[in-house]
Participant: 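The structure follows.
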Amino acid sequence: MVKEFMDLCEGANVVLACRVSPKQKAEIVLMMRNRHPEKTTLAIGDGANDVNMITAATLEWALPALKVSKLRRASDYAIGQFRFLRTLLFFHGREAYRRNTFAISYMFYKNILETIPIYMYGVKSRFSGLVIYDSIMYVTFNLCFTSWPIIHFATMDYEYPKKVIAKRPQLYRIGLDNIYFSKWVFWRWVFYAFWQSSLILFLAYYALENESPLIDGRYGGVYVSGNLVFMMLVIVSNMKILISSFLITYLLLFFVLGSVGFYYFVYVLEAGSMTTSEQYGTLLMLMSSAQSYFVIILFTFMFVLVDTGLHYLNIYINKWYELQLEKAKQLKQKKDMKSKSVIKRKLSTYKNRGFAFS
């Protein structure tokens, strides 16, 4: 009976259930969730009799009266009027999905970007266990040097104005089609982090490998190149937010430049005044080498160009894929129309076929 009822519901555009109890409302939602576990269900209620229904759904919204506190506690969101639903769903919902999925992928990206050079240097050092980063810099990478730009992006960035999204509901399909959060998107971010961090490591080490920055021929060791690698990681991680933002504001520029500037402040403080630190004196050696400036400028511009090119290439591939799906859908519709236009003769399955007269 449940299967027939669900088939009937899916065959209709709108289903109106009249004179149903609160328990029956919840059962309808649970039946749909059990039939399609991968789908997201939304329940909207305006009274205490809708509490069972909204608690059974994946996402609960309430339109409560002033005294219905139980409905407010049971729902995820509460809005004052029904007309706010369009803005909340199509504007804030879409932008929250896009920003949050980018933030999740970016967290994986920047941590892979930071750790891959350690493993790659393990191959070069024959797995000696030597860490090329300073321990203070390594611990504060996520907390101090790359945190504020992504916080600003995840809360303040908007791709389209509210009026544009209200007039173009098809923009909401990015969440339905999982454009920004899928296996393909995740592994693409991993690939970006892997090739960028590997290139940073080899550029930094081979650029400073054969020439000493000091007159007496002394070289600062592994920490000079390690600091150059870490410096480029901080720059690349913050530049990723800058080139991915649709809304460039003075506050975003302040956070990006401030994060990079704060790294330089901590590095100068540690390498210039802390005599007990292993970083002491490495800043002079690093800044005395012309190769350091060349590597930083080269990779920064190369990163921006390549990352922007891959972004537009991905947009082109997605549009081409959507066009192919649309062509396949239209071709299937034409075949269905042709098959419906031809009326096939149905033969009876009875052995004795004849005529009946009255």
Side-chain angles (χ1 to χ4, degrees), residues 101-150 153 180-209 220-244 256 259-260 262-264 266-267 278-279 282 286 291-292 294-311 313-314:
T101 53
F102 182 91
I104 293 171
S105 302
Y106 177 78
M107 292 300 177
F108 283 98
Y109 163 80
K110 70 173 183 176
N111 284 281
I112 295 173
L113 193 71
E114 183 190 20
T115 54
I116 285 296
I118 299 176
Y119 293 101
M120 298 299 290
Y121 186 76
V123 178
K124 182 178 176 61
S125 64
R126 298 181 181 181
F127 300 99
S128 62
L130 179 64
V131 180
I132 61 175
Y133 305 141
D134 177 59
S135 58
I136 298 178
M137 299 291 187
Y138 185 66
V139 171
T140 55
F141 177 78
N142 286 311
L143 181 62
C144 300
F145 305 144
T146 58
S147 58
W148 286 106
I150 186 59
F153 179 92
Y180 289 105
F181 201 68
S182 61
K183 293 180 180 179
W184 158 250
V185 173
F186 174 78
W187 287 113
R188 190 180 68 206
W189 278 89
V190 173
F191 170 72
Y192 287 170
F194 187 83
W195 80 261
Q196 290 169 8
S197 56
S198 302
L199 191 59
I200 287 173
L201 175 69
F202 290 112
L203 274 176
Y205 268 89
Y206 285 109
L208 301 178
E209 187 179 31
V222 67
Y223 289 108
V224 176
S225 300
N227 277 298
L228 179 58
V229 172
F230 197 85
M231 186 185 303
M232 295 173 64
L233 293 179
V234 173
I235 295 174
V236 167
S237 299
N238 288 281
M239 284 292 295
K240 180 66 176 178
I241 298 295
L242 188 62
I243 65 177
S244 300
V256 171
S259 299
V260 178
F262 184 70
Y263 161 74
Y264 279 105
V266 174
Y267 181 41
E278 294 176 341
Q279 306 297 317
T282 58
L286 190 61
Q291 292 92 327
S292 302
F294 174 75
V295 170
I296 293 173
I297 296 173
L298 172 66
F299 190 82
T300 301
F301 281 99
M302 183 173 62
F303 160 74
V304 172
L305 292 175
V306 174
D307 194 89
T308 305
L310 290 175
H311 173 71
L313 178 63
N314 180 63

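Note that these values count all heavy atoms, side chains included, but never hydrogens, waters or copies made by symmetry.
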Participant: I'd like to know whether Phe102 forms a side chain to side chain contact (heavy atoms under 4.5 Å, CB included) with Trp189, so could you lay out the CA-CA distance, the side-chain angles of the two residues, the decisive distance to 0.1 Å, and finally the verdict.
Facilitator: CA-CA 10 Å; Phe102 182 91; Trp189 278 89; 3.5 Å; yes
Participant: To the closest 0.5 Å, what do you measure between OG1 (Thr146) and CD1 (Ile241)?
Facilitator: 9.0 Å
Participant: With sequence neighbours excluded, what pairs up with Trp148 under the ring-ring contact (aromatic ring centres under 6.0 Å, His included) test?
Facilitator: Phe255
Participant: Taking the side chain as every heavy atom from C-beta outward, state whether Val236 and Lys110 have any pair of such atoms under 4.5 Å apart.
Facilitator: no
Participant: Who pairs with Lys240 by salt bridge (Lys or Arg N to Asp or Glu O under 4.0 Å), at least two apart in sequence or on another chain?
Facilitator: Asp307
Participant: Which heavy atom of Leu113 sits nearest a heavy atom of Ala193, and at what distance?
Facilitator: CD1-O, 3.6 Å
Participant: Please walk me through it: do Trp184 and Arg188 pass side chain to side chain contact (heavy atoms under 4.5 Å, CB included)?
Facilitator: CA-CA 6 Å; Trp184 158 250; Arg188 190 180 68 206; 3.5 Å; yes
Participant: Please, which pairs that meet salt bridge (Lys or Arg N to Asp or Glu O under 4.0 Å) have at least one residue in residues 230-239, sequence neighbours excluded?
Facilitator: none
Participant: Can you name the side chain to side chain contact (heavy atoms under 4.5 Å, CB included) partners of Thr140, sequence neighbours left out?
Facilitator: Cys144, Phe145
Participant: My understanding is that only residues two or more places apart in sequence, or in another chain, count here; which of them pass side-chain hydrogen bond (donor to acceptor under 3.5 Å, both in side chains) with Tyr263?
Facilitator: none
Participant: Using the test side chain to side chain contact (heavy atoms under 4.5 Å, CB included), find all partners of Asn111 that sit at least two apart in sequence or belong to another chain.
Facilitator: Glu114, Asn142
Participant: Is it the case that the side chain of Tyr106 and the backbone of Ser237 share a donor-acceptor pair, with hydrogens and angles ignored and the cut-off at 3.5 Å?
Facilitator: yes
Participant: Apply side chain to side chain contact (heavy atoms under 4.5 Å, CB included) to Tyr180 and list each qualifying residue two or more places apart in sequence or on a separate chain.
Facilitator: Tyr97, Arg98, Thr101, Glu159, Ile174
Participant: Taking only residues two or more places apart in sequence or in another chain, which ones pass ring-ring contact (aromatic ring centres under 6.0 Å, His included) with Phe181?
Facilitator: none
Participant: CD1/Ile200 to CG/Leu233 distance, rounded to the nearest 0.5 angstrom?
Facilitator: 4.5 Å
Participant: Going from CZ on Phe202 to OG on Ser225, what distance comes out if it is rounded to the nearest 0.5 angstrom?
Facilitator: 12.5 Å
Participant: Decide yes or no on side chain to side chain contact (heavy atoms under 4.5 Å, CB included) for Leu201 and Ile116, but give the supporting numbers first.
Facilitator: CA-CA 9 Å; Leu201 175 69; Ile116 285 296; over 6 Å; no
Participant: What about Tyr192 and Tyr109, are their ring centers closer than 6.0 Å?
Facilitator: no
Participant: Could you work out, with side chain to side chain contact (heavy atoms under 4.5 Å, CB included) as the rule, every residue matching Ile296, not counting sequence neighbours?
Facilitator: Leu228, Met231, Met232, Ile235, Thr300
Participant: What residues form a ring-ring contact (aromatic ring centres under 6.0 Å, His included) with Tyr138, not counting sequence neighbours?
Facilitator: Tyr133
Participant: Could you measure the distance from the CD1 atom of Ile112 to the OG1 atom of Thr115? Nearest 0.5 Å is fine.
Facilitator: 6.5 Å
Participant: Under the rule for side-chain hydrogen bond (donor to acceptor under 3.5 Å, both in side chains), what residues qualify as partners of Ser197, not counting sequence neighbours?
Facilitator: none
Participant: I'd like to check the ring-ring contact (aromatic ring centres under 6.0 Å, His included) partners of Phe108; sequence neighbours left out, ordered by chain and number.
Facilitator: Phe186
Participant: Within this structure, what is the CG-CG distance for the pair Leu298 and Leu203, rounded to the nearest 0.5 Å?
Facilitator: 6.5 Å
Participant: Carefully, step by step, assess Val260 and Met239 under the rule side chain to side chain contact (heavy atoms under 4.5 Å, CB included).
Facilitator: CA-CA 10 Å; Val260 178; Met239 284 292 295; over 6 Å; no
